[in-house]
Amino acid sequence: MPELPEVEVIRRELIAKIKGQKLEKVEILDNKFYFPGKAVVGSEIKNLLRKGKYLFLELGDWHLLLHLGMSGQLIFTEERRNFPYEKVIFYLSNGVLTFCDQRKFGRVELLRRELKDKVWQQIGLDPFSAQFTFERFLQVTQGKSQRVKDFLLNQKRIAGIGNIYASEILFRSGIHPQRKVNTLSMAEKEKLFTHIKPVLEEAIRCQGTTIRNYARSNGETGSFQHFLLVYGKAGKSCPRCGSLIQREKIANRSTYFCPSCQK
DNA sequence: CATTCATCCTGCTGGC
DNA sequence: TGCCAGCAGGATGAAT
């Protein structure tokens with residue numbers, strides 16, 4: 001569910017609340033999310049970092065990896081409150097951080113610094129990092145025979161794009177999702193590259209896209225769903241040319257595109 | 001190696 | 001109204 005923009009909104013909101021706070025207690029309500037919480041009780045929260053869709057809560061030598069999967073939420077409240085599908089409760093000196101996850105595809109793992117560095121390195125290029133240049137983009141696309149939609153969803157190459165923003169980025173780039181990466185012209189690659197960051201930035205300005213489960217750290221929704229051009233719009237007319245938007249399963253995920261604007 | 005596909009889980013919606 | 005197939009913002013590991 002949450003893609004880069006949603007995770008980044010949560011990170012920005014949370015960092016203001018929890019940086020410098022002490023982790024006083026951890027309560028694990030579902031063993032699927034078990035981690036040795038005692039090891040980090042008493043630690044100070046040094047930072048909250050993001051790469052792609054992954055969050056890393058820095059606690060001295062330990063890092064807590066947080067991934068929201070399809071339905072994960074991180075809600076900060078001043079007092080302990082009950083939410084549906086809560087899995088892990090973090091009690092901080094100034095409040096409570098509740099991790100909820102209806103579908104249980106999320107992850108909470110405690111990693112030693114070295115392991116965190118290794119995991120971090122295995123995550124692909126983050127579009128908001130300084131390394132995300134056209135040159136590096138060309139390198140990761142080099143020789144790839146997979147469909148461009150699959151390429152965008154693969155977190156080992158570029159990290160953070162999920163099913164909604166993949167469709168939105170490809171529409172804005174005028175590229176058909178079935179196109180193989182190695183058939184894209186230089187001009188098309190440039191177009192694709194130049195649309196990735198602006199779409200994600202626009203979504204962040206809207207505090208993310210709420211279709212179903214996504215909630216900000218205060219429980220409120222995002223608003224980018226009102227500005228989607230193709231995602232979820234099968235049968236509606238293309239905002240650019242008026243043709244009907246099509247839905248097709250690509251890589252087992254619903255993909256939306258305009259058959260006449262995207263070649 | 002690269003690529004495709006089922007699978008993990010729970011709940012909701014739409015068609016019959 | 002009831003049932004059931006299909007769908008949902010992700011990622012992985014097995015099979016090919």
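Keep in mind that this is a model prediction, so the values were computed, not measured. In what follows, chains carry the letters A, B, and so on, assigned in the order in which the sequence lines appear, proteins first and then strands, with residues in each chain numbered from 1.
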Proximity to the side chain of [X] - top-ranked nucleotide from [options]:
X      : options               : value
A:R157 : C:dA8, B:dT3, C:dT12  : B:dT3
A:K104 : B:dC9, B:dT4, C:dC7   : B:dC9
A:S254 : C:dA11, C:dA8, B:dA6  : C:dA8
A:K156 : C:dA11, B:dT3, C:dT12 : C:dT12

Short side-chain N/O contact to [N] OP1/OP2 from [X], under 4.0 Å:
X      : N      : value
A:S71  : B:dG11 : no
A:Y85  : B:dG11 : yes
A:N213 : C:dA8  : no
A:Q102 : B:dT10 : no
A:H67  : C:dG10 : no

Base C:dA8 paired with A:R253 side chain (donor-acceptor, <3.5 Å)
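Looking at the base of C:dA8, it does not pair with any donor or acceptor on the side chain of A:R253 (distance under 3.5 Å).
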Side-chain donor-acceptor pair under 3.5 Å between [X] and [Y], yes or no?
X      : Y      : answer
A:Q21  : A:S93  : yes
A:E3   : A:Y214 : no
A:E248 : A:Q178 : yes
A:R157 : A:Q139 : no

Tell me the partner of B:dC9, counting only Watson-Crick (N1-N3 plus N6-O4 or O6-N4) or G-U wobble (N1-O2 and O6-N3) with both under 3.5 Å; none if nothing fits.
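Paired with B:dC9, as far as the under-3.5 Å criterion goes, is no nucleotide at all.
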How many whole angstroms separate atom [atom1] of [X] from atom [atom2] of [N]?
X      : N      : atom1 : atom2 : result
A:K149 : B:dT4  : NZ    : C1'   : 14 Å
A:D101 : B:dG11 : CG    : C1'   : 13 Å
A:Q155 : C:dT12 : CD    : P     : 9 Å
A:N182 : B:dT3  : CG    : P     : 9 Å
A:R147 : B:dA2  : CZ    : C1'   : 13 Å
A:K32  : C:dT12 : NZ    : P     : 13 Å
A:R107 : C:dG13 : CZ    : P     : 9 Å
A:I164 : C:dA8  : CD1   : C1'   : 10 Å

[X] near the nucleic acid: base, sugar-phosphate alone, or nothing, with a heavy-atom cut-off under 4.0 Å?
X      : answer
A:K180 : nothing
A:N252 : base
A:Y54  : sugar-phosphate

Apply side-chain hydrogen bond (donor to acceptor under 3.5 Å, both in side chains) to A:N154 and A:K149, showing your working.
CA-CA 9 Å; A:N154 187 333; A:K149 167 82 188 302; over 6 Å; no
Worked verdict on A:S145 versus A:N182 for side-chain hydrogen bond (donor to acceptor under 3.5 Å, both in side chains):
CA-CA 6 Å; A:S145 61; A:N182 59 11; 5.0 Å; no
Please measure how far the P atom in B:dT7 lies from the corresponding atom in C:dA5, and state the result in whole Å.
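Comparing P positions in B:dT7 and C:dA5 gives a spacing of 16 Å.
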Sticking with atom P, work out how far B:dG11 lies from C:dT1, rounded to a whole angstrom.
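Going atom to atom, P in each nucleotide, I get 22 Å.
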Kindly confirm whether the side-chain ring of A:F105 is stacked on the base of B:dC8, judged by centres under 5.5 Å and planes under 30°.
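Here A:F105 meets both the 5.5 Å and the 30° conditions.
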